[in-house]
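All values reported here derive from a predicted model rather than from experimental measurement.
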Amino acid sequence: MRKLWASPRCVLAEAKKLRDEDEQQRKATDEEARAERRGYARHEAKTAELIARTDPDRAALARHSARLPGFENAIAQVVDLYRTPVIVGWSVGDRRYSCGVPLVNDRGVLLAVFDPLPQPGPCPAFLLDVGLPLYFPTEEQRERFEQYRAVSERIRASYSTDLD
């Protein structure tokens with residue numbers, strides 16, 4: 001019978017290497033899932049925008065939203081970021097945007113959300129998944145929304161942990 005001898009340092013190093021590899025694999029799997037949710041969420045937003053554009057009453061709501069305080073500054077920032085014309089999406093007030101104003105390009109592709117509101121219950125999964133820039137009229141409103149989003153992220157994380 002042969003015996004294999006290994007120093008404790010080697011065993012610990014191998015265990016650490018295996019833990020690191022598992023962690024990298026978990027992170028890669030999580031990122032793939034996030035990317036898939038982002039893609040689905042963006043497709044869902046474009047579909048909602050195209051449907052909203054068939055409702056003539058939505059045009060008035062979009063025009064009204066364009067007059068909100070801080071809106072022109074948000075538009076300018078989105079234009080600078082994407083280097084494309086930006087307009088108010090007709091799907092204004094949609095729950096998936098936490099009742100914020102969608103900012104879209106001329107093809108209806110969602111680029112950002114202006115002034116999403118903290119809502120009762122968790123933040124819509126859409127806003128957590130899509131990874132869009134969010135713009136707010138005031139710093140206070142941004143901070144309030146970020147607290148709301150942080151709570152929603154914790155709720156979502158605990159829910160997904162309970163499922164595992």
Side-chain angles (χ1 to χ4, degrees), residues 24 26-164:
Q24 284 179 332
R26 188 188 61 72
K27 284 181 180 178
T29 301
D30 289 350
E31 183 52 40
E32 285 177 17
R34 275 193 301 278
E36 187 175 327
R37 287 193 307 266
R38 257 192 318 272
Y40 176 76
R42 286 179 183 263
H43 175 73
E44 183 183 331
K46 185 167 184 180
T47 301
E49 182 63 23
L50 294 174
I51 290 169
R53 288 182 180 195
T54 64
D55 181 355
D57 294 335
R58 292 278 191 170
L61 186 55
R63 282 192 303 276
H64 170 74
S65 298
R67 294 190 301 265
L68 292 172
F71 184 78
E72 287 182 17
N73 185 36
I75 286 281
Q77 290 180 49
V78 177
V79 167
D80 285 346
L81 181 63
Y82 291 103
R83 301 287 182 212
T84 187
V86 177
I87 59 173
V88 174
W90 284 29
S91 51
V92 171
D94 191 305
R95 173 100 173 97
R96 82 191 73 206
Y97 311 129
S98 200
C99 297
V101 179
L103 304 178
V104 301
N105 67 13
D106 55 354
R107 294 184 321 273
V109 175
L110 183 64
L111 302 175
V113 177
F114 177 71
D115 199 19
L117 304 172
Q119 304 282 317
C123 185
F126 175 86
L127 280 182
L128 301 177
D129 290 341
V130 77
L132 289 170
L134 303 176
Y135 296 93
F136 298 87
T138 68
E139 184 63 21
E140 178 187 333
Q141 287 171 301
R142 185 194 66 74
E143 288 171 1
R144 192 171 14 158
F145 188 83
E146 289 304 326
Q147 290 171 354
Y148 163 67
R149 180 170 30 189
V151 168
S152 297
E153 288 279 11
R154 284 194 300 274
I155 290 169
R156 186 179 193 181
S158 70
Y159 178 72
S160 66
T161 303
D162 291 344
L163 295 178
D164 293 341

Passes side chain to side chain contact (heavy atoms under 4.5 Å, CB included), Y135 versus N73? Steps please. CA-CA 9 Å; Y135 296 93; N73 185 36; over 6 Å; no
Worked check of side chain to side chain contact (heavy atoms under 4.5 Å, CB included) between V104 and V86: CA-CA 6 Å; V104 301; V86 177; over 6 Å; no
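Scanning both residues, P69 and F114, for their nearest heavy atoms gives O-CZ, 3.4 Å. Residue A62 comes nearest to G89 through the heavy atom pair CB-O, 4.1 Å, listed as atom of the first residue, atom of the second, then distance. Pairing each heavy atom of L103 with each of I75, the nearest pair is CD2-CD1, 3.9 Å. Scanning all heavy atoms of the two residues, the minimum distance from P116 to F145 falls at O-CD1, 3.5 Å. Of all heavy-atom pairs spanning L117 and C99, the tightest one is CD1-CB, 4.1 Å. Across F71 and A66, no two heavy atoms sit closer than the pair CD2-O, 3.3 Å.
Using a 4.5 Å cut-off on side-chain heavy atoms (C-beta onward), V78 and P133 make no contact. Using a 4.5 Å heavy-atom threshold, the side chains of S98 and Y148 count as touching. Taking 4.5 Å as the limit, some side-chain heavy atom of L132 sits within range of a side-chain heavy atom of L110.
Under the side-chain hydrogen bond (donor to acceptor under 3.5 Å, both in side chains) criterion, T138 pairs with Q141, sequence neighbours left out.
R58 places a side-chain N or O within 3.5 Å of a backbone atom of V92 that can act as its donor or acceptor partner. With hydrogens and angles ignored, the 3.5 Å screen pairs a side-chain donor or acceptor of Y82 with a backbone N or O of L111.
The line from CZ of R149 to CZ of R142 is 9.5 Å long, rounded to the nearest 0.5 Å.
Residue-environment remark: CD (E72) stays at or below the threshold of 12 foreign heavy atoms within 6.0 Å. Crowding of R107 atom CZ: a count of heavy atoms from other residues, nucleotides or ligands under 6.0 Å not exceeding 12. Enclosure of atom CD in E140 is not indicated, since only 12 or fewer non-hydrogen atoms of other residues, nucleotides or ligands lie within 6.0 angstrom.
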